[in-house]
Amino acid sequence: MPKIVNARVIITSPGRNFVTLKIECDDGTTGVGDATLNGRELAVASYLADHVVPCLIGRDAHRIEDVWQYLYKGAYWRRGPVTMTAIAAVDTALWDIKGKLAGLPVYQLLGGASREAVTVYCHANGTSIDDTIAAALEYQQQGFRAIRLQCGVPGMASTYGVSKDRYFYEPADGDLPSESVWNTSRYLRIVPELFKAAREALGWDVHLLHDIHHRLTPIEAGRLGKDLEPYRPFWLEDATPAENQEAFKLIRQHTSAPLAVGEIFNSIWDAKDLIQNQLIDYIRATVVHAGGITHLRRIAAFADLYQVRTGCHGATDLSPVCMAAALHFDLSVPNFGIQEYMRHTPETDAVFPHAYSIEGGMMHPGDEPGLGVDIDEELAKGYEYKPAFLPVNRLEDGTMYSW
Ligand code: GCO
Ligand code: MG
């Protein structure tokens, strides 16, 4: 058996913070897992280093399911983003090790490829509609078949999804949380205009997506869905906070716009009612925050029974290790829908050398044994952790709101 002899938590900040777990076996085989929880990184690092690593030493690295159950049931305190991100890191690293020992890319261990490559959506954003459309046209020319559109809202200084840099998006930028101001009616007026302009400029052979980022009530989301229907959105994401899964019934009663949710979910239980009542069309949970490849497969298998497809979260705060793992999962899973793609900075790519590649709006995990991704620990040492918080949002009268 490949015995686990060492596991270390590596914190590095090549442009942004990442937490990575590296597990080592007695034969020298290593595996990596992403453990990054944006804005709360050190909580997961401590959970792993103080409470998980000591329990891993001496275990059989091949027993992925048993280790998963041991960490999940053994913690007694089930679920939650910190616990599930820590479990995900271990699980991902063990799949990487199993692939390397088998001499096969991980997607082969998951049943093999169900498609040639993975369709991704990219991000077009700008402070105005025109800027956003210009960015979208550029992506369309590069061959992307699915584009997310986010634009600034007139009268609001900043809004989620609109970056300072045209190519790199990084909302976690403050030593303390920065504050934005939110106005729902202005937002509800601009988004249909954005989609109208996008269809005129880009035509109908491209999928258009939009992220509401939890900022509407169910009835407001129903209204927006109706207004966007003529432009055939691919999905509306995080229409309303999903703690109350039943809230999505109200949205469904008012619009046929497809709904995606789940980037902040960490367990199948967050999505159970949404899926079995067919209240959503895409489940956005991903490897790093939803218990690793093992648990994500369980979510996808359950979703498949209800014709809900996958649409894994893939923002820049998920490291290339998570991206690689997500691609192996995406390539294999029968009910794959789409994969989010946001480019990492060259500094991040250098710290995490990887075999995955992108071409014409499609990605492939590569055919290296394991996940085909690693961390360059020497390079990583040069980038010290910097506290960075996500912004918060308030209504114009000062009331705290969802960001
Ligand atoms: C997305 C997400 C991200 C999150 C970010 C928070 O759809 O990509 O909403 O942009 O805001 O991952 O850390
Ligand atoms: Mg989102």
Side-chain angles (χ1 to χ4, degrees), residues 13 15-19 34-44 81-82 84-85 88 120-125 139 144 146-152 158-165 167-174 177-178 180 182 187 191 207-216 221 224 233-242 258-266 270-271 274 280-290 310-323 326 337-345 348 386-393 401-403:
S13 192
R16 68 160 348 283
N17 293 319
F18 293 110
V19 179
D34 184 17
T36 310
L37 186 62
N38 203 5
R40 296 292 186 270
E41 296 87 359
L42 300 184
V44 185
V82 175
M84 297 305 279
T85 302
V120 300
Y121 71 89
C122 61
H123 288 233
N125 65 76
Y139 283 120
F144 285 95
I147 306 177
R148 190 184 93 160
L149 303 170
Q150 308 287 141
C151 74
S158 62
T159 182
Y160 162 78
V162 181
S163 51
K164 291 171 206 128
D165 186 292
Y167 290 114
F168 301 104
Y169 179 65
E170 187 45 73
D173 55 1
S178 61
S180 335
W182 177 250
Y187 169 75
V191 185
H207 294 309
L208 301 180
L209 294 77
H210 181 70
D211 191 350
I212 298 171
H213 219 251
H214 327 266
R215 292 168 302 184
L216 294 177
L224 182 62
F234 181 87
W235 79 29
L236 294 186
E237 179 184 337
D238 288 331
T240 200
L259 301 174
V261 73
E263 69 183 33
I264 66 169
F265 290 177
N266 52 73
D270 295 324
L274 286 169
I280 55 170
D281 303 281
Y282 295 92
I283 177 75
R284 299 249 313 130
T286 193
V287 174
V288 59
H289 300 136
T310 66
C312 290
H313 187 201
T316 41
D317 48 290
L318 282 55
S319 91
V321 176
C322 177
M323 180 51 101
I338 203 162
Q339 167 69 49
E340 181 178 16
Y341 167 72
M342 270 169 121
R343 60 168 75 70
H344 283 113
T345 60
T348 299
K386 281 200 257 11
F389 285 88
L390 285 168
V392 297
N393 215 8
Y401 201 63
S402 304
W403 170 65

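Whatever order the structure lists them in is the order used to number ligands and atoms, beginning at 1.
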- Message: I'd like to check whether Y121 has a polar contact with ligand 1, where a contact means an N/O of the residue lying under 3.5 Å from an N/O of the ligand.
- Response: no
- Item | Short N/O/S contact of E340 with the Mg ion (ligand 2) (below 2.8 Å) | no
- Given that the side chain starts at C-beta and the backbone is N, CA, C, O, which of these parts of H289 lies under 4.0 Å from ligand 1, counting heavy atoms, or is it both or neither? neither
- Contacting atoms of ligand 1, where contact means under 4.0 angstrom from a heavy atom of H213: 4 (C), 9 (O), 11 (O)
- Query: What atoms of ligand 1 come within less than 4.0 Å of a heavy atom belonging to A315?
  - Reply: 3 (C), 8 (O), 12 (O)
- Around atom 12 (O) of ligand 1, find the nearest protein heavy atom and jot down its residue, atom name and distance. D317 OD1, 2.8 Å
- Query: Do Y121 and F234 have their ring centres less than 6.0 Å from each other?
  - Reply: no
- Consider every N or O of W403 and every N or O of ligand 1, then say whether any pair is closer than 3.5 Å. no
- Item | Protein residue, atom and distance nearest to atom 13 (O) of ligand 1, heavy-atom basis | N38 ND2, 2.9 Å
- For the Mg ion (ligand 2), the closest N/O/S atom belonging to D211: OD2
- Could you list the atoms of ligand 1 found under 4.0 angstrom from a heavy atom of R284? 1 (C), 7 (O)
- Measure up the F144 and Y139 rings against each other and bin them: parallel (under 30°), tilted (30 to 60°), perpendicular (over 60°). perpendicular
- Degrees at the Mg ion (ligand 2) between the OE1 atom of E263 and the OE2 atom of E237, nearest 10°: 90°
- Task: Would you check if the side chain of T36 reaches a backbone N or O of L318 as a donor-acceptor pair within less than 3.5 Å?
- Result: no
- Are the side chain of H210 and the backbone of L236 linked by a donor-acceptor contact shorter than 3.5 Å? no
- Message: Does any N or O of ligand 1 fall below 3.5 Å from an N or O anywhere on H313, backbone included?
- Response: yes
- Give the residue, atom name and distance (to 0.1 Å) of the protein heavy atom nearest atom 10 (O) of ligand 1. Y160 OH, 2.8 Å
